[in-house]
Colleague: 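Let me give you the structure first, and then I'll get to my questions.
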Amino acid sequence: MSILGSEQNPLRVAVVGSGPSGFYATEALIKSGKTVRIDMLERLPVPFGLVRSGVAPDHPKLKQAILVYDKIARSAQFRFLANVTVGRDVTIDELCAHYHAVLFTCGAETDRRLGVPGEDLAGSHTATEFVGWYNAHPDYRDRVFDLSQEIAVIIGQGNVAADVARVLAKTVDELKHTDIAGHALEALAESRVREIHVIGRRGPAQAKFTNRELRELGELDDCDAVAEARDLELNPESLEEIANKNNVVSAKNVEIFRSFTAPPSGKARRLVFHFLKSPVRLLGEGRLERLILERNHLQRPAFQQAARGTGETEELFCGILFRSIGYKGLPMAGVPFDEKSGVIPNRSGRVQDANGSVVPQVYCAGWIKRGPTGIIGTNRACSVETVGSLLADLPNLDATPRAGADALYPLLETRGVRVLSYPEWLKLDTAEVERGKPKGKPREKFTRIEDMLAVLG
Ligand code: NAP
């Protein structure tokens with residue numbers, strides 16, 4: 001049999017998921033020096049995962065990563081099979097039969113739970129739903145957010161919370177020339193939200209915002225960012241944390257929070273930061289009306305400080321709430337999964353079963369491998385590591401030649417799956433850009449799968 005990864009026997013890899021880690025893994029495989037064929041499978045008709053449906057519409061620079069992915073997608077070694085749900089339209093066993101290796105880069109698709117009473121009251125939403133809704137993700141197209149409420153609460157102080165806060169706080173003029181979904185812009189134009197409370201369970205020195213994202217919250221056209229000076233007093237451990245030269249982001253964050261203690265300038269909206277408070281109960285008759293917060297203090301040494309309840313509570317009236325406390329991966333039938341951490345158990349990207357043994361042929365990268373941390377670029381190193389493991393395993397992989405997508409296309413056709421290709425995505429892309437032009441938007445995204453399919457005929 002010819003050597004795996006040679007012209008006679010190309011290494012065939014199925015990449016499941018078309019977000020950053022999928023494209024960086026594809027890039028690493030193409031650059032490996034081996035002869036490779038990569039087929040990328042995607043559940044939606046459109047590519048790019050969170051870069052399309054997670055990155056905030058008013059952060060267009062972050063979306064420029066798509067230019068890199070587009071270049072990768074045009075490589076001769078690459079095929080895109082969109083509108084295919086792995087686990088439903090095609091099984092993992094079938095992928096393993098038609099490819100030498102299967103690489104999961106399917107991200108973290110759901111949210112962590114708060115685990116407090118009232119969490120599921122009407123009016124209490126996950127950040128995922130809201131972000132998907134304003135970014136035109138078809139799964140969230142029909143979600144309804146009651147923006148007639150004047151007081152909104154966001155739980156969590158990470159960059160997703162910052163995105164949600166900005167979208168709620170910005171004026172229509174600040175959003176209308178972005179690629180925000182049309183339905184979201186219409187609803188936000190009618191928004192009566194006046195106060196947005198952003199709640200952190202730990203202190204200002206432990207907030208997870210990056211400096212740029214936090215600073216931006218103080219530079220909004222018609223919203224004042226507000227923090228209380230007494231809430232910015234730090235305990236000795238937090239002072240030690242911000243004095244550490246490896247922790248300049250937190251030190252800078254505290255400085256930015258201090259700038260929010262200036263008297264508000266009387267803008268129409270207020271964005272209020274709370275620290276050392278945890279939600280313990282959401283209350284309301286049939287829908288959210290109030291939130292009970294417990295005051296916390298910090299325990300344990302610097303850099304390990306954890307929030308502990310003091311037993312003292314306070315009440316905050318609010319009509320809409322967003323839980324932005326981190327994402328979590330979803331299990332896929334036939335693939336090992338660690339329920340607690342929400343990732344596929346792995347060693348350097350090699351998937352492991354419940355006994356810790358490596359599952360041959362199966363790999364993972366990105367958030368489903370290491371959890372939902374880091375910025376877009378963090379996924380490059382993560383994917384490179386996984387591809388390194390895969391290439392090191394080549395001598396041990398079954399080298400029997402595989403057909404890849406040539407075997408999948410007929411299989412999927414018999415199952416009635418309309419597989420979409422990369423050129424078809426480019427057609428959708430052009431159509432979206434055209435739809436955006438009259439509105440001065442970079443694109444008007446399609447929000448329903450049937451509309452996308454209709455454009456393609
Ligand atoms: P994150 O950065 O991990 O922030 C989660 C926040 O939720 C933290 O403040 C955390 O507090 C809090 N939290 C967790 N469990 C909680 C609980 N039970 N009760 C109350 N608060 C709780 O997660 P994220 O905001 O979802 O962001 C995910 C990743 O995407 C991050 O790496 C982020 O930087 C990245 N991202 C980047 C951008 C950008 O670059 N512009 C935009 C969006 C997202 P503790 O610290 O106490 O755990």
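Just so you know, ligand 1 is whichever comes first in the structure, and atom 1 is the first atom listed for that ligand. Because the structure is predicted, anything quoted here is derived from the model rather than measured.
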Colleague: Which of these, T210, I199, I325, has its nearest heavy atom closest to atom 21 (N) of ligand 1?
Modeller: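 The residue whose heavy atom sits nearest atom 21 (N) of ligand 1 is I325.
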
Colleague: Ring centroids only, cut at 6.0 angstrom: are H125 and F130 within range, meaning strictly under it?
Modeller: no

Colleague: Heavy atoms only, cut-off 4.0 Å: how does F209 contact ligand 1, side chain, backbone, both, or neither?
Modeller: neither

Colleague: Heavy-atom contacts with L62 under 4.0 Å: which atoms of ligand 1 show up? List them by number with element.
Modeller: 41 (N)

Colleague: Closer than 4.0 Å to some heavy atom of G326 - which atoms of ligand 1 meet that?
Modeller: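 So the answer, numbered in order with elements, is 26 (O).
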
Colleague: Does only the side chain of R212 get under 4.0 Å from ligand 1, or the backbone, or both, or neither? Count heavy atoms.
Modeller: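 For R212, no heavy atom sits under 4.0 Å from ligand 1.
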
Colleague: Using distance alone, determine whether Y327 and ligand 1 share an N or O pair under 3.5 Å.
Modeller: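 There is no such contact.
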
Colleague: May I ask you to identify the nearest protein heavy atom to atom 34 (O) of ligand 1, giving residue, atom name and distance to one decimal place in Å?
Modeller: N159 ND2, 3.0 Å

Colleague: Quick one: does G200 get within less than 4.0 Å of ligand 1, heavy atoms only?
Modeller: no

Colleague: Determine yes or no for a side-chain-to-main-chain donor-acceptor pair under 3.5 angstrom, with E424 supplying the side chain and S421 the backbone.
Modeller: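 Checked: pair present.
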
Colleague: Using heavy-atom distances, let me know which of D111, V198, D163 sits nearest atom 43 (C) of ligand 1.
Modeller: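 Heavy atom nearest to atom 43 (C) of ligand 1 belongs to D163.
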
Colleague: To which of V160, V116, L298 does the heavy atom nearest atom 26 (O) of ligand 1 belong?
Modeller: V160

Colleague: Heavy atoms only: which of G374, G158, G371, S278 is nearest to atom 31 (C) of ligand 1?
Modeller: G374

Colleague: Report, in ascending order of atom number, the atoms of ligand 1 lying under 4.0 Å from any heavy atom of E213.
Modeller: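 Answer, ordered by atom number: 39 (C), 41 (N).
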
Colleague: Between Y363 and F104, is the ring centroid distance below 6.0 Å?
Modeller: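 Between F104 and Y363, which both carry aromatic rings, the centre distance is not below 6.0 Å.
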
Colleague: Does ligand 1 have an atom under 4.0 Å from some heavy atom of V55?
Modeller: no

Colleague: Please work out which of R112, Q157, R166, R201 has its closest non-hydrogen atom nearest to atom 11 (O) of ligand 1.
Modeller: R201

Colleague: Is the ring pair Y422/F78 parallel, tilted or perpendicular, if the boundaries are 30 and 60 degrees?
Modeller: perpendicular

Colleague: Measure the distance from atom 46 (O) of ligand 1 to every protein heavy atom, then report the residue, atom name and distance (to 0.1 Å) of the closest one.
Modeller: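 Of the protein heavy atoms, R202 NH2, 2.9 Å lies nearest.
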
Colleague: Ignoring angles and geometry beyond distance, decide whether A161 reaches within less than 3.5 Å of ligand 1 through its nitrogen or oxygen atoms.
Modeller: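 No, since none of the N or O atoms of A161 sits under 3.5 Å from an N or O of ligand 1.
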
Colleague: If you draw the axis of the six-membered ring of F446, does the NZ or CZ of R435 fall within 45° of it and under 6.0 Å from the ring centre?
Modeller: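 Positive - R435 is close enough to the ring of F446 and near enough to its axis.
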
